[in-house]
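The structure appears below as structure tokens.
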Amino acid sequence: AMYPFTDKNGALIFTFIWMKQFPDIMRIIVTELDSHALGTSVHSIDSLTGLTARSHFIRTVNNRIKKHDPFSKCGFLLIDVNNFKKINDQYGHRVGDECLKGFANKLREIAPDSLLGRFGGDEFVLFLDDVTENDLIEYAKKTLATQLTVKAGHKNVTITCCCGISMTTYSGAEFTLLLERADKSLQLAKGKTKKEAYLDGKLVAKFSNGGGVSVEEERKKIEKPRLFKDEIKAVKIGWAFAGFITVSILLAYAVFVFYM
């Protein structure tokens, strides 16, 4: 008897063969796997998180780059889970795996229509078509705001992340270039707080007060009170000067009347 096993696309992966004359022996014939034939099977999906696997992610991005309008812009987020090695060492790989799966699910919620992948270990990737710098910063804010808690015995393990971002026009896009630039930004994001996002070497967003905030937003919040104080100061100086002139005139008038 033969029992074929296929992936969800119907591609044959392996076959079990059982023969009556050898009831204690089960043969397994493994089919030569072709990633193009399998589509979304073992070659294109990360088995732990269910996100796009690294090799398929690279191939998909390069295909998109070739087909798009060369004057449009694409963006690339390289995301790193903070202190993941420490989590693995302290709580074990089972907890580490739960953290990665939970984080992958959070990314799906943040960017359901984008191309998401696990690039290896504790690094994830997000590719976006036809985006602006503000779009990328918004995605970075949402990603940094992700607060995932995983049970580890009687303790809770909190997961945070940092991001490296790159963007370019499709005419100058190439996966290796996008990755290299995003990786350089990620190294900057792995600074003291490890809760920041850099875009082509520039700090653009960070985790603050329980959520993600852009640097531009934070700058505006700080500047508004300062401007208001400057306006009050200017009014005070104006009134003081006017008061000085008024008092001087009155004194001069008093002296004039006295000597008259």
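Throughout, numbering of the chain's residues begins at 1 and tracks the sequence.
- Both Val150 and Leu51 are members of a single hydrophobic cluster when ILVMFWY side chains are connected at heavy-atom separations under 4.5 Å.
- Under the 4.5 Å side-chain criterion, counting only non-hydrogen atoms from C-beta, Leu199 is in contact with Glu133.
- The aromatic rings of Phe175 and Phe119 lie tilted to each other, with the angle between the two planes from 30° to 60°.
- Enclosure of atom NZ in Lys206 is not indicated, since only 12 or fewer non-hydrogen atoms of other residues, nucleotides or ligands lie within 6.0 angstrom.
- For the residue pair Ile137 and Ala205, the shortest heavy atom distance occurs at CG2-CB, 4.5 Å.
- The distance from atom CZ of Phe71 to atom OG1 of Thr169, rounded to the nearest 0.5 Å, is 8.5 Å.
- Between Leu116 and Phe124 there is no side-chain heavy-atom pair separated by less than 4.5 Å.
- Between Asp129 and Arg64, the closest side-chain pair of non-hydrogen atoms falls below 4.5 Å.
- At a threshold of 4.5 Å between non-hydrogen side-chain atoms, the residues Ile79 and Leu107 count as touching.
- The main-chain N or O of Thr52 is never found under 3.5 Å from a side-chain atom of His56 such that the two would form a donor-acceptor pair.
- At a threshold of 4.5 Å between side-chain heavy atoms, the hydrophobic network of Ile, Leu, Val, Met, Phe, Trp and Tyr places Tyr91 and Leu148 in one connected group.
- Atom CG of Asn88 is separated from atom NE2 of His93 by 5.0 Å, given to the nearest 0.5 angstrom.
- Across every non-hydrogen atom of Gly164 and Ser185, the tightest pair is CA-CB, 3.8 Å.
- Leu186 is listed as a side-chain neighbour of Cys162, based on a closest heavy-atom distance under 4.5 Å.
- Of all heavy-atom pairs spanning Phe127 and Leu178, the tightest one is CE1-CD1, 4.0 Å.
- Looking only at side-chain heavy atoms (C-beta outward), Ile87 and Cys99 come within less than 4.5 Å of each other.
- The minimum heavy-atom distance between Phe207 and Leu144, with the atom names listed, is CD1-O, 3.2 Å.
- To the nearest 0.5 Å, the span separating CD1 on Ile159 from CG on Asn156 amounts to 11.0 Å.
- Contact detail for Ala197 and Leu203: the closest heavy-atom pair is O-CD1, 3.6 Å.
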Inset, instruction - Show your working on side-chain contact (heavy atoms from CB on, under 4.5 Å) between Asp80 and Lys194 and close with a plain yes or no. - result: CA-CA 9 Å; Asp80 184 78; Lys194 294 187 177 181; over 6 Å; no
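- Connection of Val213 to Leu136 is not established within any shared hydrophobic cluster, with ILVMFWY side chains joined at heavy-atom distances below 4.5 Å, either directly or through further cluster members.
- A salt bridge is absent between Asp130 and Lys73; no separation between the charged side-chain nitrogens and carboxylate oxygens falls under 4.0 Å.
- Side-chain atoms of Phe76 and Leu126, non-hydrogen and from C-beta on, never get closer than 4.5 Å to each other.
- Between the side chains of Arg59 and Asn62, no donor N or O sits under 3.5 Å from an acceptor N or O.
- Side-chain heavy atoms closer than 4.5 Å link hydrophobic residues (I, L, V, M, F, W, Y) into clusters, and following such links, even through other members, never connects Leu188 to Val204.
- Using a 3.5 Å distance cut-off with no hydrogens or angles, the side chains of Lys190 and Asn82 do not pair a donor with an acceptor.
- Cluster annotation: Leu177 is not connected to Leu77 through the hydrophobic network of ILVMFWY side chains, with a link wherever side-chain heavy atoms come within less than 4.5 Å.
- Between the side chain of Asp135 and the backbone N or O of Thr132, at least one donor-acceptor pair lies under 3.5 Å.
- Between the side chain of Ser72 and the backbone N or O of His68 there is no donor-acceptor pair closer than 3.5 Å.
- Applying the side chain to side chain donor-acceptor pair (under 3.5 Å) test to every pair with at least one member in residues 110-125, sequence neighbours left out, gives these pairs: Asp46-Arg118.
- Side-chain contact annotation: Glu216 with Ser214, donor-acceptor N/O pair under 3.5 Å absent.
- With sequence neighbours left out, Glu98 forms a salt bridge (charged side-chain N to carboxylate O under 4.0 Å, His left out) with Lys101.
- Pairing each heavy atom of Leu78 with each of Ala182, the nearest pair is CB-CB, 4.0 Å.
- In this structure, Glu196 CD and Ser208 OG are separated by 10.5 Å, a value rounded to the nearest 0.5 Å.
- Side-chain contact annotation: Ser166 with Asp200, donor-acceptor N/O pair under 3.5 Å absent.
- Put simply, the side chain of Leu115 reaches to within 4.5 Å of the side chain of Phe57, judged on heavy atoms.
- The line from CG of Asn83 to OG1 of Thr158 is 11.5 Å long, rounded to the nearest 0.5 Å.
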Inset, instruction - Could you give me the CA-CA distance, side-chain angles and deciding distance for Glu138 and Lys142, then say whether salt bridge (charged side-chain N to carboxylate O under 4.0 Å, His left out) is met? - result: CA-CA 6 Å; Glu138 284 302 312; Lys142 292 176 183 177; 5.7 Å; no
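- A distance of 10.5 Å separates CZ in Phe103 from NZ in Lys106, rounded to the nearest 0.5 Å.
- Atom CG of Asn209 sits in a sparse spot, with 12 or fewer heavy atoms from other residues, nucleotides or ligands closer than 6.0 Å.
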